[in-house]
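Just so you know, these numbers use all the heavy atoms, side chains as well, and skip hydrogens, waters and symmetry mates. Remember, it's 1-based here, ligands and their atoms both numbered in the order they're listed. Because the structure is a prediction, the values reported are computed rather than measured. Numbers here are sequence positions counted from 1.
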Amino acid sequence: MNTSPYPHLQKIDDKPVTIADLAAMKAAGEKIACLTAYDASFAALEDRAGVDVVLVGDSLGMVVQGETSTTGVTIDDMVYHSRITAAGLSRAFLMTDLSFLTYATPDAALAASHRLMAEGGAHMVKIEGGAELVPTVRHLSTYGVPVCAHMGLRPQMVHKLGGFKVQGRDTAAAEQMVADAEALVEAGADIVLLECVPSHLGKTITERVSVPVIGIGAGGDTDGQILVVYDILGLSPGKKPRFVKNFLEGADSLDTATANYVAAVKDRSYPGPEHGFK
Ligand code: KIV
């Protein structure tokens with residue numbers, strides 16, 4: 001008999017998702033459903049709903065800490081949130097962001113990744129960048145750190161970019177992004193995450209690289225989708241990016257809303273053309 005006052009945190013009995021499972025899903029054409037989480041209760045909710053990959057994103061700087069960008073998030077913040085998210089998971093694969101400027105050199109990236117994996121329970125680290133990160137990705141891969149390369153809109157660059165803007169709209173930038181994605185995968189990246197790029201570019205990169213491509217505002221042809229969990233639950237008031245959909249509308253509980261998100265990714269009804277960029 002379960003006597004815990006928090007039975008929702010009970011572990012589920014499903015086999016944990018591995019990096020090999022994600023590669024097999026791409027090969028089989030099964031969509032990969034991903035969401036952010038920042039603590040054990042949301043992690044457990046997402047596990048129950050069948051989310052395949054949980055990301056402890058440095059978006060926590062904005063949606064948990066209330067800041068206007070992710071640049072103030074520290075590696076200690078990421079370790080803490082990764083650890084308390086891992087505590088709620090039994091099935092989903094756990095990816096955690098390396099925070100701003102913690103991967104400026106390959107050795108710094110290795111040391112910070114060690115903390116996320118050893119202390120934070122992460123299965124994979126995510127870094128934002130293009131071909132300049134090839135030596136870093138190669139270094140991490142050599143030492144057994146699984147890596148997700150976050151391309152397109154890179155929120156840690158917001159002050160350099162002058163805002164959160166769609167990337168890869170002109171031909172030269174799009175071609176560069178395709179070449180960078182190929183170089184990062186060749187260096188050992190296990191997943192590519194594309195944020196805010198035209199849908200046709202999301203499709204091209206997904207076809208060109210051998211590893212799973214997860215999109216957010218990158219159209220419906222990527223191998224998987226990710227959103228910030230508070231966005232699918234309608235917790236973020238005000239103007240929303242066009243790729244956001246509130247799955248709590250019409251659902252009777254958080255569990256149903258989260259399961260509906262997973263089902264919509266799997267059956268390809270989310271994202272629709274209206275959620276993408278041209
Ligand atoms: O930090 C984050 O939550 C992210 C997602 C928006 C992809 O990088």
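Residue contact check: Ile216 has heavy atoms under 4.0 Å from atoms 6 (C) of ligand 1. Every atom of ligand 1 is numbered from 1 in the order shown, and the set under 4.0 Å from a heavy atom of His150 is 8 (O). Listed by number with element, the atoms of ligand 1 under 4.0 Å from a non-hydrogen atom of Leu55 are 2 (C), 3 (O), 4 (C), 5 (C), 7 (C), 8 (O). Applying the 4.0 Å criterion to heavy atoms of Asp58 picks out, from ligand 1, the atoms 1 (O). Near Gly57, meaning under 4.0 Å from any of its heavy atoms, are these atoms of ligand 1: 1 (O), 2 (C), 3 (O).
Remark: Lys245 fails to qualify as a cation-pi partner of Phe243 under the 6.0 Å distance and 45° angle criteria applied to the six-membered ring.
Backbone and side-chain nitrogen or oxygen atoms of Thr36 are examined, and none is located within less than 3.5 angstrom of a nitrogen or oxygen of ligand 1. For Glu195, no nitrogen or oxygen atom sits less than 3.5 Å from a nitrogen or oxygen atom of ligand 1, counting backbone and side chain alike.
Heavy atoms of Lys126 come nearer than 4.0 angstrom to ligand 1 in at least one pair.
Contact record, His123 with Pro146: O-CG, 3.2 Å, taken as the closest heavy-atom pair.
Put simply, the side chain of Phe164 does not reach to within 4.5 Å of the side chain of Cys196, judged on heavy atoms.
A donor-acceptor pair shorter than 3.5 Å can be found between the side chains of Ser59 and Tyr38.
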